[in-house]
Amino acid sequence: MKAVITDCRIRWDRSYQPTGLEKAMMGWPAAFKALDKTHSIPSAADNVVKLQTAEQIIAAGRRRRGEET
């Protein structure tokens, strides 16, 4: 809420002088946007376990628990 009030005061109150922290916070959106552009977005395929690997994981769990395979 305080951020919204400060933003409104900075935009429309000509006599308001923002603090150093408030001035720095005004630059954060641009900094985050630039940071997002530098990092590649992982594809959905990076989070997928292949079927053969999944079957191996299941079989290893069954062996560990002593269940029949």
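This is a predicted model, so every value here is computed, not measured.
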Can you measure from [atom1] ([X]) to [atom2] ([Y]) and round to the nearest 0.5 angstrom?
X   : Y   : atom1 : atom2 : value
T53 : I58 : OG1   : CD1   : 11.0 Å
I10 : M26 : CD1   : CE    : 4.0 Å
K23 : Q17 : NZ    : CD    : 6.5 Å

Side-chain heavy atoms under 4.5 Å apart, restricted to Ile/Leu/Val/Met/Phe/Trp/Tyr: what other residues fall into the cluster of L21, or is it alone?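 The other cluster members (ILVMFWY side chains, heavy atoms under 4.5 Å, direct or chained) are M25, W28, F32.
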Identify, with sequence neighbours excluded, every residue that meets side-chain hydrogen bond (donor to acceptor under 3.5 Å, both in side chains) alongside R14.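 Per chain and number, R14 pairs via side-chain hydrogen bond (donor to acceptor under 3.5 Å, both in side chains) with no residue.
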Partners passing side-chain hydrogen bond (donor to acceptor under 3.5 Å, both in side chains) against R11 (at least two apart in sequence or in another chain):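 side-chain hydrogen bond (donor to acceptor under 3.5 Å, both in side chains) list for R11, sorted by chain: D7.
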